[in-house]
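Okay, so here's the structure we're looking at.
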Amino acid sequence: MTDIINKSSTDPDWWRGAVIYQIYPRSYQDSNGDGIGDIPGIIDRLPYIARLGVDCIWISPFFTSPMLDFGYDVSDYRDIDPMFGTLADFDRLVAEAHGKGIKVMIDLVLSHTSTEHPWFKESRTSRSNPKANWFVWADPKPDGTPPNNWLSIFGGSAWEWDGERMQYYMHNFLIEQADLNFHEPEVQEALLDVARFWLERGVDGFRLDTVNFYVHDKYLRDNPSLAPEEINDKTAPAVNPYNFQNHLFDKSRPENLDFLRKLRRVMNEFDAITSVGEVGESQRGAEVQAEYTSGGDKLHMCYDFALLSNELPTGSHIASVVETFDALAPDGWACWAYSNHDVVRHKTRWDLTQTRQRLYAALLMALKGTVCLYQGEELGLTEAELAFEDLQDPYGKRFWPKFKGRDGCRTPMVWDREAKNCGFSEGKPWLPVSTGHMRLSAAAEERDPNSVLNFYRKIIALRKALPALQKGDFQPLVVEEDLLVFIRVYGNRRVYCAFNLADEARRLDMPAGNWAHVSEAPFNSTIAAGRATLPPYQAVFATARDA
């Protein structure tokens with residue numbers, strides 16, 4: 001493998017095909033013994049991240065916050081919450097990450113603020129103050145009930161009565177997370193200035209939380225209901241009545257595209273910036289994902305919940321997801337993930353053995369699009385089991401026990417089982433360290449050449465060494481429930497990728513060409529006489545160069 005892409009620090013397309021590593025800062029590394037991970041802790045672990053081979057880190061919110069939703073309820077967009085460190089710490093993180101060739105993305109939460117934010121405090125004082133229209137306020141119906149039937153993802157109505165202003169305000173999430181009014185030009189300008197603030201500090205891009213929730217229907221029309229057969233749990237757990245509505249009017253509004261174009265123009269003022277939008281949309285996620293990334297004038301990438309769902313993705317499902325996106329947005333770019341801070345870890349969600357987890361990891365690295373990995377995924381961590389009294393997540397407390405919340409994927413990283421709290425903290429961790437994770441510590445896996453960690457390093461290195469896996473087109477050859485074969489094409493280079501998702505061996509006739517087996521691929525498959533032999537749950541990679 002010699003076709004290695006050399007990416008300069010100013011390559012505007014560095015994000016195409018990149019591997020992004022998500023860090024949930026509360027749970028990554030505590031440096032001061034208070035039981036909460038912090039920015040200096042991330043700095044301490046940069047050598048580990050660099051050895052993993054990823055291109056970029058995405059850091060979940062660290063802004064000043066009352067922490068009712070653990071940083072996704074922002075009270076100051078331009079400062080670091082003291083539990084995480086200081087702006088000087090953040091500047092040092094950016095500098096040291098860049099020194100190791102690692103880009104830094106941050107998580108911007110623009111759809112809503114904490115009710116402790118000064119903007120909201122001013123807005124609620126009257127209907128005539130300078131920020132009176134900065135949030136979504138509405139009068140009650142004549143009988144005093146909320147203005148419409150919109151629901152909060154965290155349960156109950158999306159409207160909360162405010163006795164000071166004598167109106168309802170909208171909240172798509174917690175009552176303490178008030179939705180900003182994107183129909184107000186001053187709100188948009190204020191948020192664009194927030195983006196500039198962080199770009200000027202050297203960040204390389206943004207992960208945009210709930211990006212399709214920014215704009216609401218200004219007429220506040222009721223959402224229609226869904227027929228029973230249309231209901232799914234892609235955006236909210238099955239126990240949540242949020243799933244019963246077709247959310248036509250409270251999110252995914254066409255007016256959002258204008259704001260995304262403005263945000264892209266701001267990003268274009270800086271070199272080599274990227275953006276990843278989170279699209280929470282159960283009915284038409286692929287369409288919204290395509291709308292937001294097409295044309296080169298909005299977001300660089302989006303991900304929806306197609307590969308974050310509870311159902312184990314088959315070969316035909318994965319091929320359909322990729323092909324659907326390509327058809328809807330031929331000039332767009334997707335981002336794929338199996339796990340993040342909001343869903344049950346995929347090893348547990350899909351009941352994967354270690355062998356099958358490796359296969360699915362390789363498949364993710366071979367797909368057209370950019371890849372997001374979630375901290376601990378590279379160790380093969382399962383979802384942690386927590387007692388109710390240990391829960392911190394308000395979402396889990398609301399719907400317990402049928403939905404146990406998001407704490408099970410947010411427990412502390414396990415660095416060394418011989419150290420106190422597995423090396424995460426000298427103090428009591430904010431969530432318990434999972435005893436089931438201890439044998440999977442980074443230190444133990446470092447020493448084992450056959451560990452999941454070392455597998456991830458190899459498969460990331462394979463992706464980075466083959467330009468077609470990063471930026472090439474996707475050409476499916478065989479699409480079955482338990483078999484997926486495709487070719488990635490980039491210029492005159494081709495990579496043949498075959499994945500046996502079944503528990504029995506498969507022998508495949510390869511397409512015409514002078515194929516060379518990629519021996520660095522960490523699988524037991526073989527190629528001979530134009531045929532590939534794949535043992536159960538194994539993959540094969542082969543390269544060819546056209547004349």
Side-chain angles (χ1 to χ4, degrees), residues 7-29 31 37-64 71-72 74 77-81 83-110 194-209 211 263-264 266-278 299-301 303 335 337 340-341 370-378 413 460 464:
K7 295 180 179 178
S8 71
S9 60
T10 56
D11 175 10
D13 270 352
W14 66 266
W15 49 273
R16 289 186 185 272
V19 179
I20 300 170
Y21 182 73
Q22 182 193 355
I23 294 173
Y24 192 71
R26 295 181 69 91
S27 299
Y28 202 62
Q29 178 66 67
S31 70
D38 47 42
I39 291 172
I42 298 173
I43 296 171
D44 291 343
R45 294 298 180 180
L46 284 175
Y48 168 87
I49 297 167
R51 289 196 301 275
L52 187 58
V54 299
D55 301 283
C56 178
I57 54 175
W58 145 30
I59 309 172
S60 289
F62 45 71
F63 313 107
T64 307
Y72 285 90
V74 179
Y77 282 113
R78 297 171 184 251
D79 205 357
I80 309 290
D81 194 282
M83 71 171 57
F84 295 127
T86 65
L87 281 170
D89 291 329
F90 180 79
D91 292 341
R92 183 163 67 94
L93 169 61
V94 171
E96 295 200 18
H98 286 173
K100 296 182 182 298
I102 301 169
K103 307 285 188 183
V104 178
M105 295 178 64
I106 67 171
D107 206 329
L108 274 190
V109 189
L110 302 182
V194 167
R196 286 191 186 92
F197 174 84
W198 292 103
L199 290 167
E200 288 168 354
R201 296 200 89 89
V203 303
D204 300 289
F206 305 113
R207 183 266 189 180
L208 297 162
D209 184 62
V211 71
L263 180 60
R264 180 61 175 264
V266 169
M267 290 188 283
N268 288 345
E269 296 171 10
F270 299 81
D271 292 332
I273 303 303
T274 196
S275 54
V276 181
E278 177 200 26
L299 301 182
H300 299 78
M301 302 175 279
Y303 72 85
C335 185
N340 65 27
H341 65 293
T370 293
V371 169
C372 276
L373 303 178
Y374 178 52
Q375 65 180 53
E377 179 176 343
E378 77 278 10
M413 277 285 283
I460 291 170
K464 294 179 74 172

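Worth knowing before you read on, the calculation uses all heavy atoms, side chains too, and leaves out hydrogens, waters and symmetry mates.
Remark: Phe90 pairs with Phe62, Trp198 by the ring pair (Phe, Tyr, Trp, His ring centres under 6.0 Å) rule, at least two apart or across chains. By the side chain to side chain donor-acceptor pair (under 3.5 Å) test, Ser31 pairs with Asp38, sequence neighbours left out. With sequence neighbours left out, Ser27 forms a side chain to side chain donor-acceptor pair (under 3.5 Å) with Trp430. Partners of Tyr48 under the ring pair (Phe, Tyr, Trp, His ring centres under 6.0 Å) rule, at least two apart in sequence or in another chain, are Trp415. Scanning for side chain to side chain donor-acceptor pair (under 3.5 Å) contacts around Arg78 gives an empty result, with sequence neighbours left out. Applying the side chain to side chain donor-acceptor pair (under 3.5 Å) criterion to Asp91, with sequence neighbours excluded, gives Arg201.
Here the side chains of Arg196 and Glu269 are in contact, with some heavy-atom distance below 4.5 Å. The closest side-chain heavy-atom distance from Ile59 to Asp107 is not below 4.5 Å. Annotation: side chain of Leu299 is not in contact with side chain of Val276 (no heavy-atom distance under 4.5 Å). In this structure, the side chains of Met413 and Arg45 stay at 4.5 Å or more apart for every pair of heavy atoms. In this structure, the side chains of Arg26 and Ser60 stay at 4.5 Å or more apart for every pair of heavy atoms. Contact annotation: the side chain of Leu373 never approaches that of Ile20 to less than 4.5 Å [non-hydrogen atoms, C-beta and beyond]. Between Trp14 and Asp204 the shortest side-chain heavy-atom distance falls below 4.5 Å. Residues Phe63 and Ile80 form no side-chain contact, since every pair of their non-hydrogen atoms from C-beta on lies 4.5 Å or further apart.
Listed here is the closest heavy atom pair of Val109 and Tyr77: O-OH, 2.7 Å. Heavy atoms only, all atoms of each residue included: Gly53 and Lys464 are closest at O-NZ, 2.9 Å. Minimum interatomic distance between Arg207 and Met105 (heavy atoms only, all atoms of both residues): N-CE, 3.8 Å. When all heavy atoms of Pro25 and Ile42 are compared, the closest pair comes out as CB-CD1, 4.2 Å. The two atoms that bring Val104 and Cys56 nearest to each other are N-SG, 4.2 Å, heavy atoms only.
Side-chain N or O atoms of Thr370 include one that pairs as donor or acceptor with a backbone N or O of Trp15 at under 3.5 Å. Judged purely by atom type and a 3.5 angstrom limit, Asp44 has no side-chain atom pairing as donor or acceptor with the backbone of Gly41.
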Exercise for the section: Show the numbers, then the answer: is there a side-chain contact (heavy atoms from CB on, under 4.5 Å) between Val194 and Phe197? Expected result: CA-CA 5 Å; Val194 167; Phe197 174 84; 5.5 Å; no
Exercise for the section: Begin from the C-alpha positions of Tyr24 and Asn340 and carry the test side chain to side chain donor-acceptor pair (under 3.5 Å) through to its verdict. Expected result: CA-CA 9 Å; Tyr24 192 71; Asn340 65 27; over 6 Å; no
Practice task
Before giving the answer on side-chain contact (heavy atoms from CB on, under 4.5 Å), spell out for Leu110 and Asp209 the whole-Å C-alpha distance, their side-chain angles and the decisive distance to 0.1 Å.
Solution key: CA-CA 7 Å; Leu110 302 182; Asp209 184 62; over 6 Å; no
Exercise for the section: May I have the step-by-step check of side-chain contact (heavy atoms from CB on, under 4.5 Å) for Leu208 and Ser275, ending in yes or no? Expected result: CA-CA 7 Å; Leu208 297 162; Ser275 54; 4.2 Å; yes
Problem - From CA spacing to verdict: side-chain contact (heavy atoms from CB on, under 4.5 Å), Leu93, Leu46 - result: CA-CA 9 Å; Leu93 169 61; Leu46 284 175; 4.1 Å; yes
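Salt bridge annotation for Glu96-Arg92: present, with a cationic side-chain nitrogen under 4.0 angstrom from a carboxylate oxygen.
Leu52 contributes atom CG, which lies 11.5 Å from atom CD1 of Ile57 (distance to the nearest 0.5 angstrom).
A side chain to side chain donor-acceptor pair (under 3.5 Å) with Gln22 holds for exactly one of Gln375, His341, Glu377; it is His341.
The aromatic rings of Tyr28 and Tyr21 lie perpendicular to each other, with more than 60° between the two planes, well past the 30° mark.
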